[in-house]
Number of protein chains: 2
Amino acid sequence: MSRKSSNVTLKDIAAQAGVSHTAVSAALHGTGRISDEKREHILSVAKKMSYRPRLAAQMLRSNRTGHLGMIVCGVNLTDLMDSGFHGPIVSSFIQACEERDIRYHIEFAKEAVNPDDDFIPPAYFSGGMVDGALVVGYCDQPFAHWLEHENTRPWVSVGESAAYFVKDNSEQNVYQVAQHLVALGHRRIAFLHGDVSFDSNEEGLHGFERACLDFPMDTKSQWVHYIPMMPRRDGMHKTAEWARTCLAESDRPTAVICKGMGVARAVVSVAQQLQLDVPHQLSVIGFGTQAEAERSYPCMAHIQPDYPKIVHQALYILEQRLAGRDVANSSSLVAANMVWQDTVAPPQD
Amino acid sequence: MSRKSSNVTLKDIAAQAGVSHTAVSAALHGTGRISDEKREHILSVAKKMSYRPRLAAQMLRSNRTGHLGMIVCGVNLTDLMDSGFHGPIVSSFIQACEERDIRYHIEFAKEAVNPDDDFIPPAYFSGGMVDGALVVGYCDQPFAHWLEHENTRPWVSVGESAAYFVKDNSEQNVYQVAQHLVALGHRRIAFLHGDVSFDSNEEGLHGFERACLDFPMDTKSQWVHYIPMMPRRDGMHKTAEWARTCLAESDRPTAVICKGMGVARAVVSVAQQLQLDVPHQLSVIGFGTQAEAERSYPCMAHIQPDYPKIVHQALYILEQRLAGRDVANSSSLVAANMVWQDTVAPPQD
DNA sequence: ACGATCCGATCGTATGGAATG
DNA sequence: TCATTCCATACGATCGGATCG
């Protein structure tokens, strides 16, 4: 029976050390109800027997787990790691928890295939294996309802509005990118955006429109263009088509803001084929992570949501709620990091 | 006390339904010791009270968790998702488990900072929260020792040799890429490889060397070149430098095999600047995922380790061991998927 | 004798209160 | 009185054995 735990328990240590199992428990927890020399002895025995507490027993007994959860919604598992949002958020969460020695568990919300299926709540969260959780992305209706009405544990939303939430300030980010380009001398600026049914894309578009009103920018309707991202190859070809058309004209844009690093790469590639120098004759900026940007050649200027900070804020709010404290700011918008390397410069005539 | 579980238990349901708590348990499990009408009644009550079993209690009582673990080693958390290996493996594992309704937990091995620190075993694995685990990547010495001597649970290695392991067949993959290029008519083939202190890179290099012996290939020493990947920007610049030198010569290579998609992109970009047509005058292939390949323009030919299959095999072995069955093949090498789109063609004179 | 139902012990840990010196 | 030490119990689900009609 290879699955048998064969694990050392408190009793085993107690027997070995000649004390009661409660003494062992006390020793391991540093609750001061035991003499120093006995504690030391017990600890050494425990170490020798390589004792590991049984987490399930601890959780059951203490009715708190000391673990936090992350529930990821609305992402196709095939491209979790390619998602410009979910991937980095998950990654930042892991990193934040490891740094603070918080135990954590990540799970994925199951979306109902057809509407009359029973809703299946996230198992760890509803099974009491975590004290609270960050909920990432868009929750579908049954899940939102469940969170609201049947769930008693605290949670904080990441990326979507809710009672407690933290998200990227997409509107302001795009606005600032435009501002920066204008300050460099750009007037003709294009914006290739993503699906506006996603909040962040819609907000980004608003930011661009606001910039058009506030700054001396020339725009044409075909310069604000929607690129569908899926399937990916289509998206790339549509981008290239757009670029071949718009960049060939004499009053072509001098800068292009691209939602997505792939789109930005396609624009750069077409520009080079048209003998346009990047960045001096055309500046290009992509939304995406630093890693993606630096795997482009030339290294792409990029706007990267501050995922670590977003997660940090969300964890802070969650911990306040777990501690039963009131939270002053129940929501926050986090500014992105912008890096202007290699593909952005003042425009050249 | 918002953390209080406030969860419905078997007893609550029993009280509500006017039966004993064991009857409820029986009803929920379909162990046939209860009459159909009572079972139905109990189930309806349980549903109405939205009962969720307490996982910790189940695990404690039954001494088996029904959960599998994945322990990820030797990756800097900052670039988990950018790692061409760990990211896709984790992603495939999640997907495989979700598809099969296996519960799972992913954790990251803590590497000792200095050697005399006590080794900290992975908490979930050693805390009995999983029945067994896949161990991904290179385990450092203390961890390997712990797995071997202090651990009693079964595990299967992914990506490194061990008693039970599954990994990518890097040697054969590169060999086959070369074979394919030769068959297309290529003779002058370059290979930009990664750090050979990683097994997979070393094996890939061996595969290339074997191909050089077996097939009619012309090689020069500078065509087999090591590109350090970190820091990333340096890697890209070194690649570009190499390409500017080697692709300008009259007897330039007609095909380049690149370890890493960033490297491949840089080669394509320099080639285009040198007015070389890709793929007709230069074929380029990168190792990496389909998603990365399709975020390049033109879409990059690529070699993608078959991560889903690797994980599938590893899970199979693990499940065999958990069931106490003997495993016929305790190890396996998995062939990669190769896609020749857009950047590979027969050479043109 | 048999199906339906229930009781009680159990997993490993944590803790208030009792007993020890 | 006080510092130590230990006992009994509870957490929630499971399952062998006992009970009932």
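Just so we're on the same page: letters track the sequence lines, and every chain starts at 1.
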Watson-Crick or G-U counterpart of D:dT19, or none if no pair lies under 3.5 Å: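 Its partner is C:dA4 (Watson-Crick or G-U wobble, both distances under 3.5 Å).
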Can you tell me if the side-chain N/O atoms of [X] get under 4.0 Å from OP1 or OP2 in [N]?
{"X": "B:Ser20", "N": "C:dC6", "result": "yes"}
{"X": "A:Ser25", "N": "C:dA14", "result": "yes"}
{"X": "A:Gln58", "N": "C:dG12", "result": "no"}
{"X": "A:Lys38", "N": "D:dT5", "result": "yes"}
{"X": "A:His29", "N": "C:dA14", "result": "yes"}
{"X": "A:Arg61", "N": "D:dC11", "result": "no"}

query: Side chain of B:Ile34: nearest nucleotide among C:dC6, D:dT5, C:dT5?
result: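 From the listed options, C:dT5 comes nearest.
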query: Picking from C:dA4, C:dG12, D:dT5, which would you name as closest to the side chain of B:Ser35?
result: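 Side chain of B:Ser35 sits closest to C:dA4.
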- request: Please answer whether the main-chain N or O of A:Lys47 pairs with a side-chain N or O of A:Ser50 as donor and acceptor at a distance below 3.5 Å.
  value: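 Looks like no, no N/O pair under 3.5 Å.
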message: Let me spell it out: for each of A:Arg52 and B:Asp36, pick the nucleotide of DNA chain C with the closest heavy atom. Which residue's pick is nearer the 5' end?
response: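 So the residue in question is B:Asp36.
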query: Which is true for A:Thr22 with a 4.0 Å heavy-atom rule: it touches a base, it touches only sugar-phosphate, or it touches nothing?
result: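 Contact class for A:Thr22: base.
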message: Within the 3.5 Å criterion, strictly below it, is a donor on A:Glu98 or A:Tyr104 matched to an acceptor on the partner's side chain?
response: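 Checked: A:Glu98/A:Tyr104 side chains pair up, N/O donor to acceptor below 3.5 Å.
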- prompt: With distance as the sole criterion, is a donor-acceptor pair present between the side chains of A:His312 and A:Tyr307 under 3.5 Å?
  reply: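 No, no side-chain donor-acceptor contact under 3.5 Å.
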task: Check the pair B:Arg52 / A:Asn151 against side chain to side chain donor-acceptor pair (under 3.5 Å), numbers first and verdict last.
output: CA-CA 11 Å; B:Arg52 305 288 155 204; A:Asn151 161 56; over 6 Å; no
